[in-house]
Amino acid sequence: MQENKRKRILITGAAGFLGSHLCDRFIDEGFHVIGMDNLVTGDLQNIEHLFHLPNFEFYHHDVSKFVHVPGELHYILHFASPASPIDYLKIPIQTLKVGSLGTHNLLGLAKSKKARILVASTSEVYGDPLVSPQDEEYWGNVNPVGPRGVYDEAKRFQEAMTMAYHNFHGLETRIARIFNTFGPRMRLQDGRALPTFIAQALQGHDLTVFGDGTQTRSFIFVSDQVEGICKLLFSDYHLPVNIGNPEEMNLLDAAKEIIQLTESTSKIIFQPLPIDDPKQRRPDIRRAKEILQWEPKVSRKDGLLETIAYYKTLFNKSENK
């Protein structure tokens, strides 16, 4: 494919976990990829293997400030945002700004470039749900003034702003509600359950389970998530779509499974449940199945083994320094 015929895509949050995998995917698909990240939670190591490529460029920029990208732009993937409770509780105002001002800036850019934009929403828009599984028609149970509200409400505002641009300006928009994704490139100190459990198990530390461990999550491997996002981007559907795995498990069982898979001698200890921590998380993916012909393919065990192998290489690198 000649350079002047390549489709150009902007990916914000490009140095983060999901953003970096999306950069890989669109490079492989022959796109010209423009990555953008302010590196507050992202890591250039996630995309350094792309820097030598002629069809990849990187902008070190905060999307909460005016965003300018010269030349044509066909697609935008807005994945810039802290996504870990550790991060968004540490930088609450930046989290709100990237979901509001950042989303506004990128919707404006999409409008001016006549580009299609997909925004990364989250299962957290459902809050601590009163129904299970959660389908896209459920409005959620969110505490707007609780500590987690900075993330939940930023994403809810993001969806509202995106729909306003779609309805008022006729902009081509897509909304992905992303559920608990895991895989290589998640930070060890991310604060979410699976990387924390794996890091603790590999280091021989006790695994920390909050509450009694009966709260549930539905884990999806990153390659399945990326496939779902791509299918949604190229679909004709503008309303929110859950991209997740309906296979639900509680966190105590997840901790036990990781101890087994890592062959660790770690024990499990219990800590108090954080404020507003959701008790249940399970997506209804009928919409994704019907509209996108998509559902997860990678088993949790296979995904965990690949993720554990990745973290082992990180520990080996740090030990050899």
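Index from 1, following the sequence. All of these numbers come straight from a predicted model, not from anything done at the bench.
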Between the side chains of His32 and Glu57, is a donor N or O closer than 3.5 angstrom to an acceptor N or O?
-> yes
Measure the acute angle between the ring planes of His166 and His238, then classify it against the limits of 30° and 60° as parallel, tilted or perpendicular.
-> parallel
Answer yes if Phe157 and Val142 sit in the same cluster of Ile, Leu, Val, Met, Phe, Trp and Tyr residues linked by side chain heavy atoms under 4.5 Å apart, and no otherwise.
-> no
Relative to the ring of Tyr126, is the ring of Phe179 parallel (under 30°), tilted (30 to 60°) or perpendicular (over 60°)?
-> tilted
Is any side-chain heavy atom of Glu227 less than 4.5 Å from a side-chain heavy atom of Ile243?
-> no
CZ of Arg116 to NE2 of His74: how many Å apart, nearest 0.5 Å?
-> 12.0 Å
Quick one: do the Ser266 and Gln200 side chains pair a donor with an acceptor below 3.5 Å?
-> no
Sub-4.5 Å side-chain heavy-atom contact between Ile285 and Pro296 = yes
Please state whether the rings of Tyr151 and Tyr88 are parallel, tilted or perpendicular, taking 30° and 60° as the class boundaries.
-> parallel
Measure from the side-chain N and O atoms of Glu247 to the backbone N and O of Arg300, and report whether any donor-acceptor pair falls under 3.5 Å.
-> no
Distance-minimising heavy-atom pair for Ala15 and Leu39 | CB-CD2, 3.7 Å
Determine the interplanar angle of the Tyr165 and His169 rings, folded into 0 to 90°, and report it as parallel if under 30°, tilted if 30 to 60°, perpendicular if over 60°.
-> tilted
Do side-chain atoms of Asp152 reach the backbone of Pro144 as a donor and acceptor pair under 3.5 angstrom?
-> no
Hey, does Arg187 have a side-chain heavy atom less than 4.5 Å from the side chain of Asp43?
-> no
Under 4.5 Å between any side-chain heavy atoms of Ile34 and Arg8, yes or no?
-> yes
